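Here the structure is laid out as structure tokens; the discussion comes afterwards.
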Amino acid sequence: MDNAVRFSSAETPVIVRLDLRVALLEVRVTDHGPGIDAVDRERIFGPLEQLEDLNVRVHQGAGMGLPLARTAARAMGGDVTLEASGPEGSTFLWTIALAERPA
């Protein structure tokens, strides 16, 4: 969410959508930022990775948000992925496996 707000302009909404599947919770966060080039789509999940060069950085951060989110999601039987990206924005998908309830 923080990245989505940071990379979207103040005039555009960040969209959050929750979908409950049989054994899976899906959370989609869509921003209206500049998008992510295909060559960088997996790199952004590496620790301390940022797409902006340090000397021209506009968006502040440590480059740990996405790696930590992915690690946490995977610990819960899910994942965080970049589902779609283009010049009008990006959609990240966070999945969490749901535990079966005892009978």
Side-chain angles (χ1 to χ4, degrees):
M1 291 288 302
D2 182 58
N3 282 351
V5 170
R6 195 177 310 160
F7 285 91
S8 295
S9 71
E11 298 81 36
T12 58
V14 170
I15 300 165
V16 178
R17 191 175 97 204
L18 295 141
D19 292 306
L20 184 58
R21 305 289 181 212
V22 173
L24 193 69
L25 175 65
E26 296 179 342
V27 180
R28 283 179 176 80
V29 178
T30 302
D31 66 36
H32 291 87
I36 300 165
D37 289 335
V39 297
D40 295 321
R41 291 184 182 179
E42 195 56 36
R43 190 184 112 200
I44 60 173
F45 291 99
L48 305 177
E49 287 291 342
Q50 296 200 351
L51 299 181
E52 298 173 325
D53 290 330
L54 185 59
N55 59 339
V56 293
R57 187 167 293 159
V58 174
H59 304 95
Q60 298 302 311
M64 291 302 296
L66 288 173
L68 289 173
R70 177 173 265 182
T71 299
R74 287 180 173 175
M76 293 182 273
D79 204 354
V80 174
T81 60
L82 177 60
E83 187 173 56
S85 190
E88 60 284 330
S90 299
T91 298
F92 286 83
L93 172 61
W94 177 23
T95 58
I96 302 169
L98 300 176
E100 292 184 30
R101 293 184 180 180

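Given the structure is predicted, the values throughout are model-derived calculations rather than measurements.
Judged as a side-chain contact (heavy atoms from CB on, under 4.5 Å), and not counting sequence neighbours, the contacts of Thr30 are Ile15, Thr91. Under the rule for a salt bridge (Lys or Arg N to Asp or Glu O under 4.0 Å), the partners of Glu83 that lie at least two apart in sequence or sit in another chain are Arg28. Residues that satisfy the side-chain hydrogen bond (donor to acceptor under 3.5 Å, both in side chains) test with Thr12, not counting sequence neighbours, are Ser9.
For the pair Val27 and Ile96, the minimum side-chain heavy-atom distance is 4.5 Å or more.
Hydrophobic cluster membership differs between Leu24 and Met76, with clusters built from Ile, Leu, Val, Met, Phe, Trp and Tyr side chains linked at under 4.5 angstrom. Under the 4.5 Å side-chain heavy-atom criterion for grouping Ile, Leu, Val, Met, Phe, Trp and Tyr, Leu20 is connected to Leu18 within one hydrophobic cluster. Cluster annotation: Val16 is not connected to Leu93 through the hydrophobic network of ILVMFWY side chains, with a link wherever side-chain heavy atoms come within less than 4.5 Å.
The minimum heavy-atom distance linking Gly35 with Ser90 is given by the pair CA-OG, 3.7 Å. Considering all non-hydrogen atoms of both residues, Ala69 and Val80 come closest at O-CG2, 3.6 Å.
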Could you check Arg70 against Asp79 for side chain to side chain contact (heavy atoms under 4.5 Å, CB included), going step by step and ending with a plain yes or no? CA-CA 6 Å; Arg70 177 173 265 182; Asp79 204 354; 3.2 Å; yes

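Remark: side-chain polar atoms of Thr95 are not paired, donor with acceptor, to backbone N or O of Glu26 under 3.5 angstrom.
Interatomic distance, Leu82 CG to Ile36 CD1, rounded to the nearest 0.5 Å: 5.0 Å. Rounded to the nearest 0.5 Å, atoms CG (Leu66) and CH2 (Trp94) are 12.0 Å apart.
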